[in-house]
Amino acid sequence: QVQLLESGGGLVQAGGSLRLSCAFSGRRFGNYAMGWFRQIPGKEREFVAAINWSGVSYADSVKGRFTISRDTAKNIVYLQMNSLKEEDTGVYYCAAAARVGLPRLKNEYDYWGQGTQVTVSS
């Protein structure tokens, strides 16, 4: 069973930065594509970014501002968020997918973390 534990959320002013972390345990890290999603109340959980051994993928809304990376020695996935906007506010979830490629749909992911709140104020 895979466990995912996010951290790093918080309150930040617009234009600021945050780095989210997701600690992976329970299986071989290298067998999974990793993704970040976000959700605000009343809206669908939306794709933010994904990473595997061959590349990365981003939602258009965060391209050029967010960077996803993974530390294979520590089994951690990061989401560096720069130039934050109010519309980036939401609960951010880490997810793991036991498949090839860079999945962008939430039903392609097998495991989810509990989420971490990011609030961007004006």
Side-chain angles (χ1 to χ4, degrees):
Q1 185 78 5
V2 169
Q3 289 88 43
L4 302 171
L5 183 62
E6 302 100 332
S7 61
L11 174 65
V12 64
Q13 286 191 322
S17 298
L18 280 176
R19 188 178 77 161
L20 306 183
S21 300
C22 173
F24 175 104
S25 63
R27 289 288 187 274
R28 186 176 181 273
F29 189 46
N31 290 345
Y32 291 82
M34 300 297 296
W36 286 97
F37 286 73
R38 65 187 181 191
Q39 188 170 21
I40 62 173
K43 295 193 73 175
E44 289 287 318
R45 192 169 298 188
E46 66 174 4
F47 171 77
V48 174
I51 187 169
N52 64 9
W53 296 110
S54 64
V56 297
S57 177
Y58 296 98
D60 288 344
S61 58
V62 306
K63 203 171 293 184
R65 301 187 298 121
F66 290 11
T67 302
I68 188 171
S69 61
R70 63 196 296 168
D71 185 330
T72 56
K74 298 180 179 179
N75 288 2
I76 295 177
V77 178
Y78 300 102
L79 185 68
Q80 177 66 44
M81 306 185 294
N82 298 329
S83 302
L84 281 161
K85 306 175 181 179
E86 286 185 77
E87 52 263 42
D88 294 318
T89 294
V91 178
Y92 282 69
Y93 296 90
C94 175
R99 60 175 64 222
V100 298
L102 291 164
R104 300 169 69 95
L105 302 178
K106 53 184 185 291
N107 61 6
E108 296 181 286
Y109 285 83
D110 304 291
Y111 300 98
W112 293 85
Q114 84 290 347
T116 185
Q117 177 71 44
V118 171
T119 303
V120 184
S121 65
S122 59

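In the hydrophobic cluster analysis, where Ile, Leu, Val, Met, Phe, Trp and Tyr join through side-chain heavy atoms closer than 4.5 angstrom, Trp36 is grouped together with Met34. Linking ILVMFWY side-chain heavy atoms closer than 4.5 Å, directly or via other members, places Val12 and Tyr78 in two distinct hydrophobic clusters. Both Val77 and Tyr32 belong to a common hydrophobic cluster when Ile, Leu, Val, Met, Phe, Trp and Tyr are linked at side-chain heavy-atom distances under 4.5 angstrom.
Put simply, the side chain of Lys74 does not reach to within 4.5 Å of the side chain of Ser21, judged on heavy atoms. A 4.5 Å side-chain heavy-atom check between Thr116 and Leu20 finds at least one atom pair inside the cut-off.
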Give the table of side-chain donor-acceptor pairs shorter than 3.5 Å for residues 50-58, with sequence neighbours excluded, one pair per line with atom names and distance.
unit_1, atom_1, unit_2, atom_2, d
Asn52, OD1, Ser54, N, 2.8
Asn52, OD1, Ser54, OG, 3.0
Asn52, OD1, Gly55, N, 2.9
Asn52, ND2, Gly101, O, 2.8
Trp53, NE1, Gly30, O, 2.7
Ser57, OG, Arg104, NH1, 2.4
Tyr58, OH, Ile68, N, 2.9

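Under the 30°/60° scheme for interplanar angles, the aromatic rings of Phe29 and Phe24 are found to be tilted. The aromatic rings of Phe66 and Tyr92 are tilted relative to each other, their planes meeting at an angle between 30° and 60°.
Residue Glu44 qualifies as open at atom CD: its count of foreign heavy atoms under 6.0 Å is 12 or below. In this structure, Gln114 places its CD atom where more than 12 heavy-atom neighbours from other residues, nucleotides or ligands lie under 6.0 Å away.
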* For the pair Arg65 and Met81, evaluate side-chain contact (heavy atoms from CB on, under 4.5 Å) and give the outcome as yes or no after the intermediate values. => CA-CA 6 Å; Arg65 301 187 298 121; Met81 306 185 294; over 6 Å; no
* Criterion side-chain contact (heavy atoms from CB on, under 4.5 Å) on Gln117 and Thr89, from CA distance to verdict -> CA-CA 8 Å; Gln117 177 71 44; Thr89 294; 4.1 Å; yes
